[in-house]
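From a predicted model like this one, the values you see are computed outputs, not experimental measurements. The figures that follow rest on heavy atoms only: side chains count, while hydrogens, waters and symmetry mates do not. Proteins get letters first, then strands, A, B, ... in listed order; numbering begins at 1 in each.
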Number of protein chains: 2
Amino acid sequence: MELPRIISVAVVEDDHLAREAIAALIEGTEGFILGGAFDNAEDALRGIVDSEPDVVLMDIQLVGMDGIECVRRLKEVLPHTDFIMLTVLDDEESVFRSLSAGATGYLQKDASMEEVLHAIKEVHEGGSVISPGIARLVVGSFRPRSEPGLTDRENEVLARLCDGENYRSIAERLFISANTVKAHIKSIYAKLHVNTRAEAVKLAMRDRLV
Amino acid sequence: MELPRIISVAVVEDDHLAREAIAALIEGTEGFILGGAFDNAEDALRGIVDSEPDVVLMDIQLVGMDGIECVRRLKEVLPHTDFIMLTVLDDEESVFRSLSAGATGYLQKDASMEEVLHAIKEVHEGGSVISPGIARLVVGSFRPRSEPGLTDRENEVLARLCDGENYRSIAERLFISANTVKAHIKSIYAKLHVNTRAEAVKLAMRDRLV
DNA sequence: GATGAAATCACCCATATGGGTAATGGACGG
DNA sequence: CCGTCCATTACCCATATGGGTGATTTCATC
């Protein structure tokens, strides 16, 4: 069951000392092999496509192309390679852009060597590892935003609106007249401070009202 | 800096053995105190509101109200209490509903005692801990779905559509005629297989096309 | 040099939408 | 008992929208 396969790991990090430290860690640990070390995204793009490592540790702040864009491009050609961001950045922007780009792990730079190695293993086994502080941002994005105080009926109508149904269709489904549907929609618009369906749907999706 | 404050932990778990094991773990570990143990959501609702523990370990599968709904209700009255789901369920539905309900941690039942204690600490310090397999689902939800092959121009128009702009407004912003905007929108609808703005916006938001 | 995709624009037409205004009955709380 | 909120319905009207059809230009690729 447990095949202790050797994991090939590449590292992209512009700081010389940090890069060497990680490289040494990888090389000095059984079960891991260094699949490349780069100090900029451009070189990494070329080198990593060739070496096809299992896992890539990627810094975000690089001179030239940043690590996130680098992940985005590499993930396109190497969909089976896993990327772990290893960075000091902990703002929502960096985190969400990284995950959208295809990162499956996100570690803060203060992670211990053990944590880094553990993360590599987990990610390679199909898991995902995110530093607790970062994970809080991620789970927070799942919480519904402030309730706009829609009534039950209005929520029903809003849900139908998001499915692209028109007055008549909604009316039939809820067994009320199209005029009533219209009245509810007007009320919804007022509460959401919008005046078109598109905006209402956007808000509903963004704030997970449906 | 480091005040080793005692963390009060409650546990909601219908399995007798599991509940007692966790309770014993909490009581037997320095720095933790048991703030209640319940075998169903209804009792937990009453008991936890009174005892106001720092962290709650919550099972999902309970007889009667499930753990997710229990978290949703408790989080309303105890917004500062942290909830960690501790469950065998690993489907997307359970995970996303839990996070929406207000859980900040999600551990699979096979987590070790050390992992549970560590998760409690991290969550209590403002972090979030998610089992790697579960986290993969979560980060996966940030990846854009299959590209519908929209052209650059079409993506620009789609973005404006999501902001609730009409033909004229989009036309002015992109320095083209309203008729052209209309043509682009028709093309977008065809590619997304929709025929209203609401549906287009819904898809764009869901699949993170914008 | 042909072919095709993209972007641009125009016109017609039926229907949908958003905004304004007004009214009625039920439920609930003070 | 009164006020308020909610759900319900109706009507008018200007504009927006979606669907159909057709055309031109540019540009890259074969």
Problem - For chain B, the stretch of DNA chain C it reaches, first to last nucleotide, under 4.0 Å of its heavy atoms - result: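 Nucleotide range in contact with chain B: dA6(C) to dC12(C).
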
Give the rounded distance in Å between these two atoms: [atom1] of [X] and [atom2] of [N].
X         : N       : atom1 : atom2 : value
Phe175(A) : dA7(D)  : CZ    : C1'   : 16 Å
Asn195(B) : dG19(D) : CG    : P     : 5 Å
Lys182(B) : dG22(D) : NZ    : P     : 16 Å
Leu150(A) : dC6(D)  : CG    : P     : 10 Å
His184(A) : dA7(D)  : NE2   : C1'   : 5 Å

What is the nucleic acid contact for [X], judged by heavy atoms within less than 4.0 Å: base, sugar-phosphate only, or nothing?
X         : answer
Ser187(A) : nothing
Tyr167(B) : base
Ala178(A) : nothing

Practice task
Over all heavy atoms of both residues, which pair between Ser128(A) and Val123(A) is shortest? Give the atoms and the distance, please.
Solution key: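 Shortest heavy-atom separation between Ser128(A) and Val123(A) comes out as CA-CG2, 4.3 Å.
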
Handout entry: Heavy-atom pair of closest approach, residues Glu42(B) and Met65(B)
Key =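 That would be OE2-N, 3.1 Å.
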
Using a distance-only test with no angle check, is there a side-chain donor-acceptor pair under 3.5 angstrom linking [X] and [Y]?
X         : Y         : answer
Asn40(B)  : Asp43(B)  : yes
Glu154(B) : Ser187(B) : yes
Asn166(A) : Ser169(A) : no

Practice task
Find the runs of at least 3 consecutive base pairs, i with j, i+1 with j-1 and so on, that include DNA chain C, using Watson-Crick or G-U wobble geometry with both distances under 3.5 Å.
Solution key: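 The stems are C:1-30 with D:1-30.
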
Exercise for the section: For the pair Phe96(A) and Phe142(B), name the ring-plane relationship: parallel under 30°, tilted 30 to 60°, perpendicular over 60°. Expected result: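 It falls in the parallel class, under 30°.
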
Please determine whether a side-chain nitrogen or oxygen atom of [X] lies at a distance below 4.0 Å from atom OP1 or OP2 of [N].
X         : N      : value
Thr151(A) : dC5(D) : no
Thr180(A) : dT9(D) : yes
Asn179(A) : dT9(D) : no

Problem - Donor-acceptor pair, side chain of Lys191(B) and main chain of Lys186(B), under 3.5 angstrom - result: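 Absent.
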
Handout entry: Position toward the 5' end of DNA chain C (nearest nucleotide), Arg197(A) or Glu154(B)
Key =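 Upstream on the strand: Glu154(B).
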
Practice task
Would you check if Phe83(A) and Ile68(A) make a side-chain contact, meaning some heavy-atom pair closer than 4.5 Å?
Solution key: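 Phe83(A) does not reach Ile68(A) side chain to side chain.
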
Practice task
Determine, for Phe175(B) and Arg153(B), whether the Lys NZ or Arg CZ falls below 6.0 Å from the six-membered ring centre while staying within 45 degrees of the axis.
Solution key: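 Geometry flag: not set, cation outside 6.0 Å or 45°.
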
